[in-house]
Structure formats: C-alpha cells, structure tokens
Amino acid sequence: MIPEHEWLAQAKRLAIGMSLRIQHRHENRMNMKIVNDTDRWYSYCHKCHEGGVVMKEHVILGDHKTPADLDVRLPTDMVLLKGSEYEIPIARYLAGKEMALTYLPESELYYSPSRKRLMLQVEQKWHGRDVTGRSPQKWMNYNNAQIIGQPGARACVVVEDLFSMFKVRWAMRKHPDVFVMCALGTQCKDELVRSLLLWHPDLTLWFFDADDAGDVGATDAMRRMRAFAGEHYRIRPPEGDDPKDMQCLAIEALICNAIDRREP
C-alpha cells in the first residue's frame, strides 16, 4: 500500500468525483492517479502497481458512483467460472489480452459480478483482475500477497503480473528446469529476495514489461541481487509489450536463448 502522506492531502483538495494524475516520489511522469469519490479517497500508481484507500467518516450523498471494485475485502459473490454464464465472455476478454483459459488453473478461477473481476486463487491467496478496462487498479491482491511462487529449479524467470506468469509457465511447460514466479509489480521486495536466497537458482532472468517501469525495476533488482550468488540477466519483450503479449514459441525461444548464452 502507498503511504497516505504521499497522496491523501492532494486527494482531499479535489472536488467529489474528480480525479487527477500526479508525480509519485521521484518518478519523472504523472504515474499516480488520485480520486475523491463519494465515500473514500484512493490512489493508484501505474509504475509501482500499488495504491491506497482511505474511507470517509461522513459520506455525502450524491450521484457519484462508489468504486466497489477497489474494496480490499474479498468479494462474497464469487462463482466458479467453469460452466457459468461468465465463462464465454471471460474467454473473449482473455483473448483480447493475448491470453487463454488454457493457460490458467481451471479449478482456481472465479468471477465476481459485483466487482467485475476475474478472481484467481493462487497459493491460498486471492487476486482479482478488472475486466472492464475502467478501474484505476487492474489487479487487486487480497490477503496481503507479496509474491507468487518459490523457485525450485536451476533457472528462475521473474515476471511482473499473474497473466504473464501463467502464460510463461505454459510456454515453458516442457522445461522442468525453468521455474516462473511473479513479483506482483516491479519492486524487488524483501520476500522475493528471501525466496531467491533460499532456493538459490543458478540463473535468474528478469522478464519485466518492456517499458520504463519494467526497465528500472529489473535494473534495481539485479543491482540488489548481484551481491549474492547466482547470475542475473534482464530479458525484454518487444518494446511496449508485456510477456503475455508475446507468442508462446517466442517466449520459449527468448528464455532458452538466454540460458544457452550463459558463460560456462
């Protein structure tokens, strides 16, 4: 969560229903969106992939819509996706994101009609992906999830988001010596450092998105991890793409080539 002192005062200066993009910390772009809504103030940084919510003590009645999709509580109306009326619409949505239901764990896929989010349960943690394209926060990570996966192979690939993780895992399913995990953002969090130190992969490939945030995040992660054993390299999708935007064969070729290029 983003600390309140970094955005709340500015959000309170907005009129109800207004939103504004501001700079977050030392970033050189207006990456953080702040909103004054009917019953809360909230923020989301598109570079950090984190946000914050502060509920108002006295709600002013009006016509402004409450951003229910940003509720940090787990939705209570989740339905199993398979066999439901939402399965085909979600499959179409995923196709538009270069994804497919085949890549995702069928038994862990749900849908929340109230939040309009595809819900995934991964390692006993819940994550919700907005399917409307209108939410200021694409992913909601519930249960205080920090990272996904524990590397247990000689090579580890680290991506930013869950869609990329599942697609890369599918692309590399014939390579049991390669493990794919998700950092849930571009920051090299302490939990991620501990996981890599515990499992000690020979090679870690930082497969973050091909944008400024991904480049900076990968550089910072390699700088932090190079003090420890193992090799660390940045591999990059085509400019402006996420790993999930690539074809599976292209993902496999990029990772395998990076492994083959290692110095003996």
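- Within the model, atoms CD of E87 and CG of L101 stand 6.0 Å from one another, a figure rounded to the nearest 0.5 Å.
- Counting only heavy atoms from C-beta outward, the side chains of I251 and K244 never approach each other to under 4.5 Å.
- Side-chain N or O atoms of R169 include none that pairs as donor or acceptor with a backbone N or O of F166 at under 3.5 Å.
- Environment of CD in Q247: sparse, with no more than 12 heavy atoms of neighbouring residues, nucleotides or ligands closer than 6.0 Å.
- Linking ILVMFWY residues whenever their side-chain heavy atoms come closer than 4.5 Å, directly or via other members, leaves V216 and Y233 in distinct clusters.
- Using a 4.5 Å cut-off between side-chain heavy atoms of Ile, Leu, Val, Met, Phe, Trp and Tyr, with links allowed through other members, M30 and W41 fall into different hydrophobic clusters.
- The closest donor-acceptor contact from the side chain of R224 to the backbone of C188 lies under 3.5 Å.
- No donor-acceptor pair closer than 3.5 Å links the side chain of D202 to the backbone N or O of G230.
- Using modelled atom types, no side-chain atom of R154 and backbone atom of L203 make a donor-acceptor pair closer than 3.5 Å.
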Output, in order, the C-alpha distance, side-chain angles, deciding distance and verdict of side-chain contact (heavy atoms from CB on, under 4.5 Å) for I255 and V157.
CA-CA 8 Å; I255 293 173; V157 179; 4.0 Å; yes
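- A donor-acceptor pair is defined here as one N or O able to donate and one able to accept, closer than 3.5 Å; no such pair exists between the side chain of R29 and the backbone of I22.
- Aromatic ring centres of W199 and F179 lie farther apart than the 6.0 Å criterion allows.
- Between M119 and W126 the shortest side-chain heavy-atom distance falls below 4.5 Å.
- You'll find the side chain of V180 stays beyond 4.5 Å of the side chain of V158, heavy atoms only.
- When every heavy atom of Y142 is checked against every heavy atom of G128, the shortest pair comes out as CE1-N, 3.7 Å.
- Under the 3.5 Å distance criterion, with hydrogens and angles disregarded, a donor-acceptor pair is assigned to the side chains of H127 and N141.
- Put simply, the side chain of E252 never gets that close to the backbone of C248: no donor and acceptor are under 3.5 Å apart.
- Using a cutoff of 4.0 Å between basic side-chain nitrogens and carboxylate oxygens, D215 and R234 are scored as salt-bridged.
- Taking the side chain as every heavy atom from C-beta outward, L109 and L80 never approach each other to under 4.5 Å.
- Among V53, V35, L20, I34, the single residue meeting the side-chain contact (heavy atoms from CB on, under 4.5 Å) criterion with S43 is I34.
- No continuous path of hydrophobic side-chain contacts links L249 to M172 [ILVMFWY only; heavy atoms under 4.5 Å].
- When side chains are defined from C-beta on, M225 does not count as touching L192, because their heavy atoms never get closer than 4.5 Å.
- Rounding to the nearest 0.5 Å gives a distance of 10.0 Å between CG of L81 and OH of Y111.
- Residue K138 qualifies as open at atom NZ: its count of foreign heavy atoms under 6.0 Å is 12 or below.
- Between W139 and F163, the angle of the ring planes goes over 60°, which puts this pair in the perpendicular group of the 30/60° scheme.
- Under 3.5 Å, the side chains of S135 and R117 contain a donor-acceptor pair of N or O atoms.
- Closest approach of A218 to F208, counting heavy atoms only: N-CD1, 3.5 Å.
- With hydrogens and angles ignored, the 3.5 Å screen pairs no side-chain donor or acceptor of Q137 with any backbone N or O of Y44.
- One distance of note links CZ of R13 with CG of L8; it measures 10.0 Å at 0.5 Å rounding.
- Taking CD from E50 and CD1 from I2, the interatomic distance works out to 6.0 Å, rounded to the nearest 0.5 Å.
- In the hydrophobic cluster analysis, where Ile, Leu, Val, Met, Phe, Trp and Tyr join through side-chain heavy atoms closer than 4.5 angstrom, Y110 is grouped apart from I88.
- Annotation: the span from L162 atom CG to K167 atom NZ amounts to 15.0 Å, rounded to 0.5 Å.
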Dump the intermediate steps for side-chain contact (heavy atoms from CB on, under 4.5 Å) on E108 and L120, then the final yes or no.
CA-CA 6 Å; E108 297 171 346; L120 297 89; 5.8 Å; no
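- Nearest heavy atoms, D71 versus M140: O-CE, 3.6 Å.
- Around atom NZ of K189, more than 12 heavy atoms belonging to other residues, nucleotides or ligands sit under 6.0 Å away.
- A donor-acceptor contact under 3.5 angstrom links the side chains of Y93 and R129, judged on distance only.
- Considering every non-hydrogen atom in both M181 and I148, the closest pair reads CB-O, 3.1 Å.
- Between K47 and H24, the closest side-chain pair of non-hydrogen atoms is not below 4.5 Å.
- Using a 4.5 Å heavy-atom cutoff, the side chains of L196 and P201 are in contact.
- In this structure, CE in M1 is found 13.0 Å from SG in C48, a value given to the nearest 0.5 Å.
- By the 4.0 Å N-to-carboxylate-O rule, D211 lies too far from R236 to be salt-bridged with it.
- Here the closest heavy-atom approach between residue E160 and residue G214 is recorded as OE2-CA, 3.6 Å.
- In this structure, M165 and C182 approach most closely via the heavy-atom pair SD-CB, 3.6 Å.
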Verify side-chain contact (heavy atoms from CB on, under 4.5 Å) between M246 and L254, making sure each step is shown before the conclusion.
CA-CA 10 Å; M246 299 175 62; L254 182 62; 4.1 Å; yes
Side chain to side chain donor-acceptor pair (under 3.5 Å) between D242 and S164: does it pass, once the steps are laid out?
CA-CA 7 Å; D242 303 353; S164 291; 5.0 Å; no
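- In this structure, the side chains of N257 and I235 stay at 4.5 Å or more apart for every pair of heavy atoms.
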Would you sort out whether L118 and L94 count as a side-chain contact (heavy atoms from CB on, under 4.5 Å), showing the intermediate values?
CA-CA 10 Å; L118 174 63; L94 290 172; 4.2 Å; yes
